[in-house]
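Have a look at the structure that comes next, please.
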Amino acid sequence: MLKKRPALLWLLAPYVLYLGVLPLVDRVHPTVLGLPFLFFWLLLATLLTPAAVYVAWRSDRKRGRA
Amino acid sequence: MKATVATSVFAVFMLLTVVLGLLAVRGRGRGGGLTEWSVGGRSLGTVFIWVLMAGEGYTSFSYLGAAGWGYNYGAPVLYVIAYLSCGYAIGYVVGPTLWSYARRHGLVTITDMVAHRYGRPWLGTLVAILATVCLLPYIQLQITGMGVVVSTISYGTISLNWAYFIAFAVSTTFVAVSGLRGSAWVSVLKDVLVIGTLGFLAIYVPVHYFDGYGPFLDRLVAEKPAWLTLTGHGGSGLGGSWFVTTSFLNSLTVVIFPTTVAGYLGARDANALRRNAMLLPFYNVLLFVPMLLGMAAVFIVPGLTGAGSNLALFKLVVDSLPAWAVGLIGVAAALSSIVPMAVFMLVIGTMWGRSVLGAVPRLADRPDRQKVAAQVVVVAAGALALVMTYTVPNTLVRLSLISYEGMAQLVPMILLGLVWRKLTLWGALSGLVAGGALVCALVFTEHDPVWGVNAGAPALALNLLVALAVSLFGPQPVDARPDEDVLASDPGMAGDVGPAASAVSGSV
């Protein structure tokens, strides 16, 4: 399945964003918009996850039409 | 006076909930049997699936536990957002896979999926019983969660015991009659109220108590840094490795969780599920609100301990808002108990109607009778949880400790089994037994987390090892069916349409 649909690897993006880079982002400073860095990062990850799934979806849609 | 207003608002909305739940099946007649009731006749579109699955994910934990964890520990509670987002993303593949498998073979729940995959009806029965043991504590958690909320927002007018009963009565009534469709309709009301009230609180609390977000966050960073990184405050032992293992494990578990699967199977087409994999993570943004407000409560109502900390959010609400608003926020929280509870009861009913009682000759191959049996089980399961809440509350609390980690042990049998033919019945079963035993041993001897990781993780590793070893070197059951009949696969977008798919979509 992954050979035919390599874009599905994008579905693993949240695992990288939330878990893979955790040691790097588990900190209070620098604060962004007042948010402690860890909270800012996880909020960003929450907003980026749908984008990653969208990339997989767009690729599937192109294949489906072809 | 305050109590009257808040209680009236609550009563009106509870009535509305029951009416809405019952109206959901108006005009649908009595046909359709178990499929119509359990998975809404596999007819829900993107919006209903979103509302329903968001509704299931956002439980009484979100209002009580999330705020309580935020209050007590801080950052570790963010694991909830991490695992839900990861789970929603892989649901992009898992959802359509399970959906097409179930539709092709006329299956309505995970227990008849395993029965079909391994060709053994008794395996479905066994999994149904295990899953029920894991789910009953969740029903109780919703009952008690709603109890404390309702008694708090009614300023003590409604006693805990009455509130427990209302939780049971409201959810049982509409789910027994309307099934998944009723839950989806009530979820609409719930999501509107949850989004509205949390959106309001997210702005109101910092402004009211701290003169806005800037000062609130500045104070948090300056005075409570212990709350803002892992391991969190208070020596919880919930560090980075716990966070990663728990989120990873839960993200795999949530996609095969019977209630999630009920949502998957209710979808009209696979694309509704793919769109939801994109849209559902947005709902998680809302989860930050009770977590942040729980931490805000550390400044405003310090010194809450034990179960009291779960009410961190509601202390602020009752302290600062007029009675009608308190009532409305209470309704949102109560519905966050009622909707998940209804779906928990629905899947228990479905599993028993199909896989336990369905094995009785008089019910076999009779979806209409299985539906009635399932409805009876719904009432029985709800009543059992209610009675246990009154009489032996601690039994279910202890069981709830193994609920999620126990369900995680089904991951190899279901997810791996559905894509890999070489996993044998005995392999999957031995793995389940080994993993389940290790979870119980670790949790009940209070070794969770163990070596800093979630106890379910080593158990799942053992589960997988045993399953692989027994599958490769153990007895090889004879199963002449071709792979297409046994295994599942993501149909892909091209596979959604076509005459073969639509020909079998009728009720079963």
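Lettering follows sequence order; numbering is per chain, from 1. Every heavy atom of this structure was used, including side-chain atoms; hydrogens, water molecules and symmetry mates were not. Worth saying up front: this structure is predicted, and the values here are computed from it rather than measured.
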So which atom in B:P96 and which in B:L273 form the shortest heavy-atom distance, rounded to 0.1 Å?
N-CD1, 3.8 Å

For residues A:P50 and A:T46, report the shortest heavy-atom separation together with the two atoms involved.
CD-O, 3.1 Å

Can you tell which of B:D218, B:V285, B:D490, B:L279 has the highest number of heavy-atom pairs within less than 4.5 Å of chain A?
B:D490

Could you pull out the closest heavy-atom pair between B:W50 and B:I195, with the gap in Å?
CH2-CD1, 4.4 Å

Best-contacting candidate, A:L33, A:L12, A:L19, against chain B by heavy atom pairs under 4.5 angstrom
A:L19

Can you tell me which portion of A:L17 sits under 4.5 Å from chain B's heavy atoms? Options are side chain, backbone, both or neither.
neither

Below 4.5 Å, heavy-atom pairs only: which of A:L11, A:D26, A:T49, A:V28 has the largest tally toward chain B?
A:D26

Quick one: closest heavy-atom pair of B:L252 and B:V255, and the distance?
O-CG2, 3.1 Å

Where is the tightest heavy-atom contact between B:Y79 and B:F243, given as atom of each residue plus distance?
N-CE1, 3.1 Å

For A:F37 and A:R27, the nearest pair of non-hydrogen atoms, with its separation, is CB-O, 3.3 Å

With no hydrogens and no angle check, is any side-chain donor or acceptor of B:W99 less than 3.5 Å from a backbone partner on B:A267?
yes

Look at B:L280, B:N284, B:L78 and state which one has the largest set of heavy-atom pairs under 4.5 Å with chain A.
B:L78

Residue-level contacts of residues 80-93 of chain B with chain A, using a heavy-atom cutoff under 4.5 Å:
B:I81, B:A82, B:S85, B:C86, B:A89, B:I90, B:Y92, B:V93

Looking only at side chains, do A:Y18 and B:S251 share a donor and an acceptor under 3.5 Å apart?
no

B:F216 versus chain A, heavy atoms under 4.5 Å apart: side chain, backbone, both or neither?
neither

